[in-house]
S.K.: 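Sharing a structure here in structure tokens format.
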Amino acid sequence: MTDTSDRGGPGSPIPDDADVMSRDMRWFTYATGLGVRVEPEAVPEPRPDTEVAPALPEAALGDRTPLPRGTAELLEQAPYPHGRADAPRARADALGHALVAGFGLQRREPENPFNDHRPYPSVRAKFPVQVLVRDGRHRRVLDLYRHALTGVGRQDGAAGPLEVALAGRYTRLPDTYRWFRSSLIGLELGVNLRQLCLGMELFGLSGKLRLPDRNAAGLLTDFGLTPESEWSLPLTVALEDGGPPVAAAPAERAADPVLDGILTVNRAQDFTGSAAPLGPSVPAGLPRDGALSWAEVLWRRSAGRMPRGMYGMTGRRRPVPERTLREAVSWLSVPPPGPHLAAAWEELRLTAVFQGIEGHADGVWHLRDGRPALHRARPGAAAELETHYGYPVTPYAGGDVRHASAVWFLSAHPRRLVDRLGPGGFTAAQYAAGWAAQGISLAAAATGLYARPARAFQEVPTRQLLGLDPDEMIVCAAITGTPRFEGLLCDLRL
């Protein structure tokens with residue numbers, strides 16, 4: 001991530017009163033010149049009563065291949081952070097365990113309106129990113145509730161190398177999210193990429209990542225993901241060299257002008273070059289204390305709890321040891337795989353509001369060269385942030401920011417991204433930010449905190465509080481703190 005000293009910039013190119021649903025699209029147009037129509041008079045009103053797309057693709061009607069059982073038991077024998085599971089010799093079984101480790105159901109909280117919990121967060125618990133597997137002949141989708149890989153798309157190809165793809169469905173999120181679905185799916189793809197890499201790392205699998213190019217829409221057709229205009233271009237990880245060829249797909253348009261704008265952003269990706277080997281997803285420098293297993297860390301991952309079916313999260317303020325901060329910074333030191341995502345990662349700026357962390361003044365901090373540096377001592381900064389949070393505390397919901405130990409913000413200059421990586425750099429930054437946010441989530445789970453990724457902070461006053469540049473976009477945030485409530489947990493692991 002880039003150094004944050006001596007930054008200047010012109011006035012904000014985005015209207016201060018731009019609503020959260022269209023703000024990111026305005027940033028994209030500013031950075032690329034590829035206009036997206038986001039004015040209210042240019043598009044129909046959102047349909048609040050519209051049903052979202054189903055949890056699995058409609059084409060998921062084929063035969064099922066059961067996933068192996070016993071993943072949780074294998075992970076219980078793998079100490080966090082450097083232990084690894086005893087992987088089966090058969091690659092298909094090892095991949096099955098890796099997918100369950102990365103994405104499998106963990107628990108149910110009876111009082112929580114959003115169930116069931118997985119080892120990673122998702123907006124409104126919709127989990128719009130699908131995990132797809134193909135080997136040339138077969139195409140399958142990860143079907144967690146049947147603990148299987150279910151046939152989807154073409155099943156008549158020649159046998160070929162093993163490959164995993166991640167694709168997000170925009171219509172899995174409510175229509176009221178409008179253009180904002182573009183950024184949310186991009187962030188969740190980054191979260192899911194880290195979980196895929198983590199699961200493969202824990203079970204001794206290697207692979208190579210390929211980002212979308214102009215022909216990547218052909219993969220959507222190959223997997224039967226229709227209509228293609230509702231889906232993001234896939235990220236693919238090949239476990240073996242070579243892969244089934246994919247025919248180029250024509251340029252797409254959506255009848256819905258909002259989805260058409262989202263496609264303009266997503267289809268701007270054209271990342272060329274060889275597939276990049278996966279690097280580590282777990283930081284190498286974490287201390288070995290042996291107190292936790294990987295099964296326990298993944299089980300404990302939480303975005304915060306509320307009692308009695310209420311929404312949101314709440315916490316309690318308490319002093320936090322410096323080790324908690326070191327853990328998070330270590331996870332934030334691991335870049336995503338490949339040169340394109342590494343370049344986007346370098347363009348991200350990380351700023352945080354700390355409160356009650358041992359040896360660190362309350363206030364605004366920047367991360368420079370892997371170390372926190374005080375930008376401005378400001379007691380009460382977390383409480384001030386809460387006034388800029390889009391989900392206020394009510395009798396029915398919690399939006400507790402004032403008690404957070406750390407609120408992390410990832411930001412970037414959109415034009416620098418596009419100058420460095422082309423129009424696809426805008427989306428690459430979201431992948432990189434999602435990767436980082438999931439690192440914060442895992443660090444929090446290992447140190448007894450919750451971590452809630454968020455895009456609900458009002459950008460203009462938050463940017464001013466943090467000391468960001470006027471031409472700097474907040475890509476993602478993560479609220480971390482000590483949970484206030486505990487309750488019954490029903491184990492769903494297999």
Side-chain angles (χ1 to χ4, degrees), residues 55-57 60-108 116-120 127 129-153 155 159-167 191-208 223 236-240 243 278 281-282 292-301 438 442 445 489-494:
L56 287 178
L61 301 173
D63 295 337
R64 297 173 192 153
T65 301
L67 291 165
R69 294 179 177 267
T71 303
E73 286 80 359
L74 291 172
L75 293 174
E76 284 173 351
Q77 303 304 313
Y80 170 86
H82 302 300
R84 298 295 178 261
D86 186 10
R89 290 186 177 181
R91 176 166 290 193
D93 287 342
L95 178 59
H97 282 301
L99 296 179
V100 175
F103 305 102
L105 301 173
Q106 296 292 305
R107 66 184 188 278
R108 175 170 293 176
D116 292 306
H117 284 260
R118 307 186 193 188
Y120 61 102
F127 299 101
V129 174
Q130 298 291 339
V131 182
L132 304 139
V133 179
R134 66 174 186 161
D135 59 6
R137 183 179 301 278
H138 302 291
R139 286 100 178 114
R140 304 191 187 279
V141 62
L142 181 61
D143 190 344
L144 291 175
Y145 283 94
R146 295 180 176 86
H147 198 66
L149 293 172
T150 297
V152 64
Q155 305 292 328
L162 196 58
E163 187 175 55
V164 181
L166 303 172
V191 168
N192 280 252
L193 177 62
R194 190 155 203 170
Q195 282 302 104
L196 175 60
C197 292
L198 174 62
M200 291 176 61
E201 186 175 349
L202 291 177
F203 282 90
L205 295 171
S206 59
K208 294 182 178 180
F223 278 110
T236 56
V237 172
L239 276 71
E240 301 164 346
L278 300 183
S281 62
V282 181
L292 293 174
S293 69
W294 273 107
E296 183 69 13
V297 171
L298 297 174
W299 163 269
R300 287 166 55 167
R301 199 286 311 167
Q438 182 58 9
L442 293 169
L489 301 176
C490 303
D491 197 337
L492 301 180
R493 293 174 295 179
L494 292 171

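FYI, side chains are in, hydrogens and waters are out, and symmetry mates aren't considered; it's all heavy atoms of this structure.
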S.K.: Output, in order, the C-alpha distance, side-chain angles, deciding distance and verdict of side-chain contact (heavy atoms from CB on, under 4.5 Å) for V131 and L166.
M.R.: CA-CA 5 Å; V131 182; L166 303 172; 3.8 Å; yes
S.K.: Tell me whether R118 contacts the main-chain N or O of F127 through its side chain, where contact means a donor paired with an acceptor under 3.5 Å.
M.R.: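 Such a contact is absent between R118 side chain and F127 backbone.
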S.K.: Quick check: closest heavy atoms across A148 and R64, and the distance to 0.1 Å?
M.R.: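 In terms of heavy atoms, the two residues are closest at CB-CB, 4.0 Å.
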S.K.: With a 3.5 Å distance limit and no angle check, can you tell me whether Q438 reaches the backbone of P119 through a side-chain donor-acceptor pair?
M.R.: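 Yes, Q438 side chain to P119 backbone: donor-acceptor pair under 3.5 Å.
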S.K.: CG/L144 to CZ/F103 distance, rounded to the nearest 0.5 angstrom?
M.R.: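 One finds 9.0 Å between CG of L144 and CZ of F103.
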S.K.: Within the side chain of E296, is there an N or O that forms a donor-acceptor pair under 3.5 Å with the backbone of L75?
M.R.: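 Side chain of E296 to backbone of L75: no pair is present.
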S.K.: Report yes if some heavy atom in the side chain of L494 is under 4.5 Å from a heavy atom in the side chain of L67; otherwise report no.
M.R.: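 They are not in side-chain contact.
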S.K.: Which atom names give the shortest non-hydrogen contact between L205 and A98, and what distance separates them?
M.R.: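 It is CD1-CB, 4.2 Å.
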S.K.: Kindly compute the distance separating CG (L99) from NE2 (H147), expressed to the nearest 0.5 Å.
M.R.: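 Going from the CG atom of L99 to the NE2 atom of H147 covers 10.5 Å.
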S.K.: Any side-chain heavy atom of R493 sitting closer than 4.5 Å to one from T71?
M.R.: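 Heavy-atom side-chain distance check fails, nothing below 4.5 Å.
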S.K.: Is R139 reaching over with its side chain to a backbone N or O of R137, donor-acceptor style, under 3.5 angstrom?
M.R.: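 Yes, the answer is positive, given that a donor and an acceptor are paired below the 3.5 Å cut-off.
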S.K.: Could you tell me which non-hydrogen atom of A101 sits nearest to which non-hydrogen atom of G199, and how far apart they are?
M.R.: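 In terms of heavy atoms, the two residues are closest at CB-CA, 4.4 Å.
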S.K.: Do other residues, nucleotides or ligands put more than 12 heavy atoms under 6.0 Å from D63 CG?
M.R.: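 At most 12 heavy atoms, drawn from other residues, nucleotides or ligands, come within 6.0 Å of this atom.
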S.K.: Before you tell me yes or no, could you show the steps for L56 and V152 under side-chain contact (heavy atoms from CB on, under 4.5 Å), namely the whole-Å CA-CA distance, both residues' side-chain angles and the distance that decides it to 0.1 Å?
M.R.: CA-CA 10 Å; L56 287 178; V152 64; over 6 Å; no
S.K.: Calculate, to the nearest 0.5 Å, the distance between atoms CG and CG belonging to L278 and L193 respectively.
M.R.: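 The distance works out to 7.5 Å.
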S.K.: Answer whether the closest heavy-atom distance between the side chains of L198 and L442 falls below 4.5 Å.
M.R.: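 Contact flag for L198/L442 side chains = yes.
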S.K.: Given the rule in the side-chain contact (heavy atoms from CB on, under 4.5 Å) test, do D491 and R107 qualify, once you have shown the distances and angles that lead to the verdict?
M.R.: CA-CA 5 Å; D491 197 337; R107 66 184 188 278; 5.8 Å; no
S.K.: Quick check for you: to the nearest 0.5 Å, what is the distance between L95 atom CG and D135 atom CG?
M.R.: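 So the gap between those two atoms works out to 10.5 Å.
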S.K.: Strictly distance-based, threshold 3.5 Å: is any side-chain N or O of R140 a donor or acceptor partner for the main-chain N or O of V133?
M.R.: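 Checked: no pair found.
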S.K.: Would you give the length of the straight line joining atom CD of E201 to atom CH2 of W294, rounded to the nearest 0.5 angstrom?
M.R.: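 The CD atom of E201 sits 7.5 Å away from the CH2 atom of W294.
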S.K.: In a check of side-chain contact (heavy atoms from CB on, under 4.5 Å) between L149 and each of L132, D143, L142, V141, which one passes?
M.R.: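 Running side-chain contact (heavy atoms from CB on, under 4.5 Å) over L132, D143, L142, V141 with L149 returns exactly one hit, L142.
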S.K.: Side chains of D116 and Y145: does their closest heavy-atom pair fall under 4.5 Å?
M.R.: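 Yes. Closest side-chain heavy atoms under 4.5 Å.
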S.K.: Would you say that V164 contacts M200 through its side chain, given a criterion of any heavy-atom pair below 4.5 Å between the two side chains?
M.R.: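 A side-chain contact is absent here, since even the closest heavy-atom pair is not under 4.5 Å.
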S.K.: List in chain and number order the residues that pass ring pair (Phe, Tyr, Trp, His ring centres under 6.0 Å) with F223, two or more places apart in sequence or in another chain; answer none if no residue qualifies.
M.R.: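 By the ring pair (Phe, Tyr, Trp, His ring centres under 6.0 Å) rule, F223 matches no residue at all.
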S.K.: Measure the spacing between CD of Q130 and CG of N192 and express it to the nearest 0.5 Å.
M.R.: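 It is 9.5 Å, given to the nearest 0.5 Å.
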S.K.: Would the distance check show the side chain of Q106 and the main-chain N or O of H117 forming a donor-acceptor pair, the cut-off being under 3.5 Å?
M.R.: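 Looks like no, no N/O pair under 3.5 Å.
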S.K.: Between R134 and T236, is any pair of side-chain heavy atoms under 4.5 Å apart?
M.R.: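 No, their side chains stay 4.5 Å or more apart.
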S.K.: I'd like to know if the side chain of H97 reaches the main chain of A92, judged simply by a donor and an acceptor atom lying under 3.5 Å from each other, with no hydrogens or angles considered.
M.R.: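 It does not hold such a pair.
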